[in-house]
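Presented below is the structure to which this report refers.
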Amino acid sequence: MQLASVRVITNDVNRLVQFYEQVTGLEARRPAEQFAEFAGQSCTLAIGSAETMTLFGAGAAVPESNRTAILEFLVEDVDREYVRLTGLELAPEIVQQPTTMPWGNRSLLFRDPDGNLVNYFTPVSEDARARLAR
């Protein structure tokens, strides 16, 4: 089994696409007006409109109500990304400035326009780098 993607449901696909294009530097693929995806090396971030949920079961997902999941992106330098993100036109709400965590990652936590948590992290300890290499 392989994790293929994580999908965020939103009321405003265009707003989230613009935000994630800025923060990731990736260009979204838009196979439909109600859907976009950012293909990474290990996983895809998909963005779907709330209206697509009628295809899966109305009310199965509720936009802008996430309080448990964190979208995580491995980056080369968390501190450099912090400076870059705070200068963006759609600068995110910073939840936690770059901090070295007890498990060896340097982490930056912020929110996307729908309130979803996003973590940029860089492994800085030998143990953290070794875990990532597996």
Side-chain angles (χ1 to χ4, degrees):
M1 182 183 308
Q2 175 181 332
L3 176 63
S5 72
V6 173
R7 186 179 315 185
V8 174
I9 300 300
T10 183
N11 287 316
D12 191 339
V13 172
N14 290 330
R15 177 182 67 177
L16 278 190
V17 166
Q18 184 181 5
F19 177 81
Y20 280 104
E21 283 182 337
Q22 283 189 25
V23 301
T24 66
L26 299 172
E27 186 175 336
R29 292 188 300 219
R30 298 290 300 264
E33 183 181 333
Q34 312 89 339
F35 185 80
E37 55 189 6
F38 294 87
Q41 292 179 343
S42 60
C43 190
T44 295
L45 171 60
I47 298 173
S49 73
E51 55 192 63
T52 64
M53 290 313 300
T54 60
L55 302 170
F56 295 102
V62 180
E64 302 175 29
S65 62
N66 173 31
R67 292 291 180 245
T68 59
I70 302 173
L71 302 173
E72 297 191 302
F73 294 88
L74 173 65
V75 298
E76 188 176 312
D77 184 330
V78 165
D79 295 281
R80 185 172 58 225
E81 288 298 320
Y82 172 70
V83 171
R84 184 183 71 80
L85 291 177
T86 57
L88 292 176
E89 178 184 334
L90 294 176
E93 171 195 343
I94 302 298
V95 175
Q96 177 184 291
Q97 294 184 6
T99 303
T100 302
M101 307 308 279
W103 46 89
N105 288 340
R106 187 137 175 90
S107 177
L108 163 64
L109 197 62
F110 57 94
R111 291 194 187 279
D112 74 12
D114 278 5
N116 298 302
L117 284 171
V118 179
N119 180 34
Y120 275 12
F121 74 96
T122 303
V124 293
S125 73
E126 289 300 320
D127 285 344
R129 285 191 286 272
R131 278 193 312 275
L132 188 65
R134 286 186 241 147

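Side-chain atoms are counted along with the backbone in the values below, which use heavy atoms only and exclude waters and symmetry mates. Each residue takes its place number in the sequence, starting with 1.
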Cut-off 3.5 Å, no hydrogens considered: what does the side-chain donor-acceptor table look like for residues 113-124, sequence neighbours left out?
| residue | atom | partner | partner atom | Å |
| --- | --- | --- | --- | --- |
| D114 | OD1 | R15 | NH2 | 2.0 |
| D114 | OD2 | T10 | OG1 | 2.5 |
| N116 | OD1 | N66 | ND2 | 3.3 |
| N116 | ND2 | D112 | OD1 | 3.4 |
| N116 | ND2 | D112 | OD2 | 3.0 |
| N119 | OD1 | S107 | OG | 2.4 |
| N119 | ND2 | E72 | OE2 | 2.9 |
| Y120 | OH | V23 | O | 2.3 |
| T122 | OG1 | V75 | O | 2.8 |
| T122 | OG1 | V78 | N | 3.3 |

task = Report yes or no: does R131 contribute a side-chain atom to a donor-acceptor pair with the main-chain N or O of G104 at less than 3.5 Å?
result = no
key: Side chain proximity check, F35 to T52, heavy atoms < 4.5 angstrom   = no
ask   = Is any side-chain heavy atom of E21 closer than 4.5 Å to a side-chain heavy atom of V17?
value = yes
request  = May I ask whether F38 and F110 are part of the same hydrophobic cluster, defined by side-chain heavy atoms of I, L, V, M, F, W, Y residues being less than 4.5 angstrom apart, directly or through others?
outcome  = yes
ask   = Transitively linked via ILVMFWY side-chain contacts under 4.5 Å: V13 with L26?
value = yes
Give every donor-acceptor pair under 3.5 Å between a side-chain atom in residues 85-95 and any protein atom, sequence neighbours left out.
| residue | atom | partner | partner atom | Å |
| --- | --- | --- | --- | --- |
| T86 | OG1 | Y82 | O | 3.1 |
| T86 | OG1 | V83 | O | 3.0 |

request  = Taking all non-hydrogen atoms of both residues into account, name the closest pair between M53 and A60 and its distance.
outcome  = CE-CB, 3.7 Å
request  = Identify the two heavy atoms, one from Y20 and one from L71, that lie closest to each other, and give their separation to 0.1 Å.
outcome  = OH-CD1, 3.4 Å
task = Would you give the length of the straight line joining atom OG of S49 to atom CG of D12, rounded to the nearest 0.5 angstrom?
result = 10.0 Å
query = Got a second to check how far L109's CG is from T99's OG1, nearest 0.5 Å?
reply = 9.0 Å
inquiry  = Give me the atom names and distance for the closest heavy-atom approach of R30 to A36.
reply    = CD-CB, 3.2 Å
message = Please give me the minimum heavy-atom distance between E81 and L108, naming the atom from each residue.
response = C-CD2, 4.5 Å
ask   = When rounded to the nearest 0.5 angstrom, what is the spacing between CG in N11 and CD in E64?
value = 5.0 Å
query = Would one find more than 12 heavy atoms of other residues, nucleotides or ligands at under 6.0 Å from atom CD of E27?
reply = no
Kindly list each side-chain donor-acceptor pair under 3.5 angstrom involving residues 41-48, sequence neighbours excluded, with atom names and distances?
none

